[in-house]
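For reference, the structure is listed below as structure tokens.
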Number of protein chains: 2
Amino acid sequence: MTINLKELSAKLGLSQTTVSRALNGYPEVSQSTRDRVAQAAARYGYRPNPRAKGLAVGRAFAIGHVIQSDGPTEIVNPIFGDFIAGAGAAYSQAGYEMVLSVVSDGDEAATYKALKARGAVDGVVLSGPLVTDPRIPLLQDIGLPFVVHGQTLDQVPDYDWVDVDNFEAFRSATTHLIDLGHRRIALINGHETMTFAHLRREGYLHSLEAAGIAPDPALMFSSDMTEEIGFRSCLKMLDADQPPTAFVVSSMISALGVRRAIEGRGLTMGRDISVVIHDDALSYLQNGSDRPIFTATRSSVRDAGREVADMLIRRIEDPTLPPQHLLLSAALVQGGSSGPALA
Amino acid sequence: MTINLKELSAKLGLSQTTVSRALNGYPEVSQSTRDRVAQAAARYGYRPNPRAKGLAVGRAFAIGHVIQSDGPTEIVNPIFGDFIAGAGAAYSQAGYEMVLSVVSDGDEAATYKALKARGAVDGVVLSGPLVTDPRIPLLQDIGLPFVVHGQTLDQVPDYDWVDVDNFEAFRSATTHLIDLGHRRIALINGHETMTFAHLRREGYLHSLEAAGIAPDPALMFSSDMTEEIGFRSCLKMLDADQPPTAFVVSSMISALGVRRAIEGRGLTMGRDISVVIHDDALSYLQNGSDRPIFTATRSSVRDAGREVADMLIRRIEDPTLPPQHLLLSAALVQGGSSGPALA
DNA sequence: AGACCTTCCGCAACCGCTTTGGAACGATGA
DNA sequence: TCATCGTTCCAAAGCGGTTGCGGAAGGTCT
């Protein structure tokens, strides 16, 4: 179908060796032949077969993403699409393929081992790290390069990561509400075994503490970040004896449920009840186009995907690199969902 | 790292040929040898290198998904994650890898050609088909097996597809509202260049016509299916001279905006205004867990992903198969968002 | 002029697997 | 006894690239 190296070199009257070297930038090729080769390659649309190339050089030119999917009920991370879109752009630009493995929960370790063993990928990206996550020592152990989207908190040897500053984001979100006069501020969070959620709670607590407000366990909730759960947990708090006057919510999707609950109780968001969310800037769920609907700490997960991918590529192409870290900050943008506490 | 065929056959005192044949189920191997080989393979954890295998047999054991992403603003399809999760399960079960290509809009044709040319994949799945979609003749032309998630409406040669019965879904959704006494029923749809949206409108129109209701262009809207756009289009209709009393909405996400608009005007969904949506059963955006929030025509996009993948694998493994079609039906489930029209 | 580099290029082996075309061997049938 | 036939296995040739090593041509230095 397509032209291969042998045919291309035949057309040029050169050996495969020379053509290969010219294409791959080896020095022992004269500039003139290099140009000729490049032109011919372009004209005939020559593309090296990645399998053959991979076989020869022992690399895959592919990067793995493992997505968990525990049975039909398990929720797919809603940020997945945007994250992938960001990462994918970086990969194709750098000449890598992206291979996805969906794996049922328990098999994740086995999957990594298999990916490594078969040489199917040159590296993987790890998503949704837990506060202490066994996958990280595992990957370090089997020697498969990786970058984490997020962090762990325990003392494993250093590793590459990209993360948003979740602590600071939620500290500032909470402080924003305190500055508006709120004292009873609820937190509707994701599972706090996951580091991002853990850090968000820490930021929240830190802010309360700095303001001399005692945290109330009845105002803290953590679970899946779905609309439904946001709705229920919010409703429950609103109906309690001492309802909160403000909410800090970990995701746009939970927040939709929170809004539904607030309005369902005949209250108005931004007036009766304030809400600040974290906004991953999902493309299909934007926080308003002109004025933000929700006051939010915003950080594009798509950009994060791109950063993760670039970092991993650097890691693969130079394994001796020192550990790389990137802490993205999430700026607080004022939207319509937060206002002064009522007297 | 891992054991390879040569080493395995050395350990067994057999030739690579025999071991390969034993493993691949060729007949010219005695049962006893076959068993010995199988056991040894299991014990040493032998896994054939897919690159080498692919090189030898000219297949990739991989399936491509192409996702469009036109610049940083373009929205990623929110159903993407669930669809992929469904498909991925089928692939891994059948021993295929899933490779994703993120591609900017114009390059899609080039991407398919490149995938085919490099033999990077054995087939691709096509998403979001247009009413008349050039990608289909293109793929037929270059001879890359494919399955479409959705359909086109023009007369290209037959091809494999999996789709939900969009016409019937929206016909029944609209009829449901008519039966409740509604006469002014709005449609908030996706882009009608896309077949699914086109068919939904047809179903909607068919139902109106059957009830002798003249369609009103002011009540039909089609655009991106985002929360924001759902909100705005709904608001505009509600504020018009003759507002609708009911909405049929193409996606859960638009519907969130529709709900926001309705409640923003001090109306109550299910009482003042009825809403029926199409629910893709996204895992992170479920339509209530016990009683559905929205009355909806429901069809799991995750199941669709699985069906698409299975169909494509069948196609790849037997190219002579006659065209395969699967029309999934979307049942109407009654939820809290629809009720009798007010007098 | 001869020794010695450079520069530029090609031969051939190799990556790990499949598969074609026999070879060896015991059993069978005439 | 000998040709025939299944059965069981192997050697070697690819698949499409990369790369170690060697060699020819031309230039530089005594």
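Throughout, protein chains are lettered first and strands after them, A, B, ... in sequence-line order, and every chain is numbered starting at 1. All values below were derived from every heavy atom in this structure, side-chain atoms included, with hydrogens, water molecules and symmetry-related copies excluded.
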Using only side-chain N and O atoms of [X], determine if any of them is under 4.0 Å from OP1 or OP2 of [N].
X	N	answer
A:Ser15	C:dC9	no
B:Lys53	C:dT18	yes
B:Thr17	D:dC10	no
B:Tyr26	D:dT7	no
A:Asn24	D:dT18	yes
A:Thr18	C:dG10	yes

Within the structure shown, what part of the strands sits under 4.0 Å from B:Arg51 by heavy-atom distance: base, sugar-phosphate, or nothing?
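The residue B:Arg51 makes no contact with any strand.
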
Which part of the nucleic acid, if any, lies within reach of A:Ser30 when heavy atoms closer than 4.0 Å are counted: base, sugar-phosphate only, or nothing?
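Touches sugar-phosphate only.
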
Let me know the distance between [atom1] of [X] and [atom2] of [N], rounded to the nearest Å.
X	N	atom1	atom2	answer
A:Lys6	C:dC11	NZ	C1'	14 Å
B:Phe61	C:dG16	CZ	P	18 Å
A:Gln16	D:dT18	CD	C1'	10 Å
B:Leu23	C:dT18	CG	C1'	12 Å
A:Arg21	C:dC8	CZ	C1'	10 Å
A:Leu8	D:dT18	CG	C1'	15 Å
A:Asn49	C:dG16	CG	P	17 Å
A:Glu7	D:dC15	CD	C1'	13 Å

State, with a plain yes or no, whether a side-chain heavy atom of A:His325 is found less than 4.5 Å away from one of A:Asp160.
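Result no, sub-4.5 Å side-chain heavy-atom pair not found.
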
A:Asp82 versus A:Asp280: any side-chain heavy-atom pair under 4.5 Å?
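A side-chain contact under 4.5 Å is absent here.
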
Could you point out which residue of A:Val301, A:Leu126, A:Val164 forms a side chain to side chain contact (heavy atoms under 4.5 Å, CB included) with A:His149?
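Output: one option passes, namely A:Val301.
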
Taking for each residue the nucleotide of DNA chain C bearing the nearest heavy atom, is the 5' side occupied by B:Glu28 or by B:Ala52?
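Mapping each residue to its closest nucleotide by heavy atoms, the 5'-most match is B:Ala52.
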
Is the side chain of B:Arg315 donor-acceptor paired with the backbone N or O of B:Val147 at a distance under 3.5 Å, no angle test?
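Checked: no pair found.
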
Which side-chain N or O atoms in residues 51-61 of chain A pair as donor and acceptor under 3.5 Å with protein atoms at least two apart or in another chain?
{"from": "A:Arg51", "atom 1": "NH1", "to": "B:Gly119", "atom 2": "O", "distance (Å)": "2.8"}
{"from": "A:Arg51", "atom 1": "NH2", "to": "B:Gly119", "atom 2": "O", "distance (Å)": "2.9"}
{"from": "A:Arg59", "atom 1": "NH2", "to": "A:Tyr96", "atom 2": "OH", "distance (Å)": "2.7"}

Presence of donor-acceptor pair under 3.5 Å, side chain of A:Arg59 and base of D:dG17
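A donor-acceptor contact between them is absent.
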
